[in-house]
There are 2 protein chains.
Amino acid sequence: MPRTMTPALLDLVADRFKALADPARLRLLNALRDGERTVSELVEATDLTQANTSKHLALLHTLGFVKRRREASWTYYALGDRDVLRLCDLMCGRIEAEVERRARMLE
Amino acid sequence: MPRTMTPALLDLVADRFKALADPARLRLLNALRDGERTVSELVEATDLTQANTSKHLALLHTLGFVKRRREASWTYYALGDRDVLRLCDLMCGRIEAEVERRARMLE
DNA sequence: TACGAATATAACTATATGGTTATATCCTAG
DNA sequence: CTAGGATATAACCATATAGTTATATTCGTA
């Protein structure tokens, strides 16, 4: 975080964290782990409705978390870059640490 | 992100991203960059109301993003660990990259 | 051209949550 | 033990948004 966090920059950062702050969107990103998928494949993989899936994907795309490629009548989505998973991994690491800390307190 | 993202784990991750998905809380974390601060100092630094500040700090504390220490009638808050800023830096890095990409497209 | 599959969007509702005001709690001084 | 400062909590309202249903769009094909 740069020292000079203007209110505008703070809003941008907050918006991006907000995009990751939803279980449905995290499921979608996780489903893209192994490569690109069509919307229908993502619907299948995540158990979300088609409309809901499209809406979430649109948001993730706007913020660059996923990229897309049209081919015939399908849209293939893929992770935007490696940062996405790195962010999630960092968060998971925190949770693991927390769980361990709690386990140790119960010993 | 581990391969097996159970719904419960997804909720935990989402909750943590949600904590960072608010400009007011980001301001508080940023204000803690250089070390611990009392609540009143944070109120002063962020222009939030006292009640609002306390509420946000309570949430950040629950999730381990800040730690606190009571001394006399003051509560000193500090960053929970280095991950917090690392997460924000990653996000800022994404934004910078995005801005640059856009600038290049206008050339 | 008309149809159907794949995807996107619009309108709506219900819920979650950020900010405020008011009050409670905790601590120290006198 | 009372007063006052520092912090936390409660109750409330207004807004934002996730999910749904319905419809629009886009594209290949009969």
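Each chain gets a letter, A, B and so on, in the order the sequences are listed, and its residues count up from 1.
- What separates CZ of F17(A) from P of dT17(D) is a distance of 17 Å, to the nearest Å.
- Of the residues in residues 57-80 of chain A, those placing a heavy atom less than 4.0 Å from an atom of DNA chain C are R68(A), S73(A), W74(A), T75(A), Y77(A), in numerical order.
- The heavy-atom pair separating Y77(B) from V66(B) by the smallest distance is CD2-CG2, 3.8 Å.
- Among the heavy atoms of the strands lying under 4.0 Å from S40(A) are primed sugar atoms or P, OP1, OP2 only; no base atom is included.
- A distance-only check finds a donor-acceptor pair linking the side chain of R25(B) to the backbone of A19(B) [under 3.5 Å].
- Contact check on E98(A) versus R94(A) returns no salt bridge, with no Lys/Arg side-chain nitrogen under 4.0 Å from an Asp/Glu carboxylate oxygen.
- A single hydrophobic cluster is not seen to contain both Y76(B) and L59(B); linkage of ILVMFWY side chains at heavy-atom distances under 4.5 Å, directly or through other members, places them apart.
- The interatomic distance linking E44(B) (CD) with dG5(D) (P) rounds to 17 Å, in whole Å.
- The two residues L87(A) and F17(B) have their closest heavy-atom pair at O-CZ, 3.8 Å.
- Judged purely by distance below 3.5 Å, without hydrogens or angles, the side chains of S54(B) and Q50(B) pair a donor atom with an acceptor atom.
- For CZ of R102(B), the number of neighbouring non-hydrogen atoms (other residues, nucleotides, ligands) closer than 6.0 Å is 12 at most.
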Are any protein N/O atoms closer than 3.5 Å to N/O atoms in nucleotides 13-16 of chain D? If there are, list each pair with its distance.
none

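- Atoms CG and CG, on L26(A) and L10(B) in that order, are 6.0 Å from each other to the nearest 0.5 Å.
- Going from atom CG of L48(A) over to atom P of dT20(D) covers 8 Å, rounded to whole Å.
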I'd like a table of atom pairs between the protein and nucleotides 21-25 of chain C - only N or O on both sides, under 3.5 Å - with the distance next to each one.
none

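- Using a 4.5 Å heavy-atom threshold, the side chains of E71(A) and T38(A) count as separate.
- Between T38(B) and the phosphate of dA6(D), there is no side-chain N or O to OP1/OP2 separation shorter than 4.0 Å.
- If you take CG of D22(A) and P of dT17(D), they are 11 Å apart, rounded to a whole angstrom.
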Report the C-alpha distance between L57(B) and R68(B) in whole Å, list the side-chain angles of each, state the deciding distance to 0.1 Å, and finish with yes or no for side chain to side chain contact (heavy atoms under 4.5 Å, CB included).
CA-CA 9 Å; L57(B) 289 171; R68(B) 66 180 158 203; over 6 Å; no
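- Rounded to whole Å, atom P of dA16(C) lies 15 Å from atom NZ of K55(B).
- Between H56(B) atom NE2 and dA8(D) atom P the separation is 14 Å, expressed in whole Å.
- Taking atom CG of residue D15(B) and atom C1' of nucleotide dA16(C), one finds them 12 Å apart after rounding to whole Å.
- Rounded to whole Å, the distance from CG on L28(A) to P on dT7(C) is 13 Å.
- In this structure, R37(A) contributes its side chain and L42(A) its backbone to no donor-acceptor pair below 3.5 Å.
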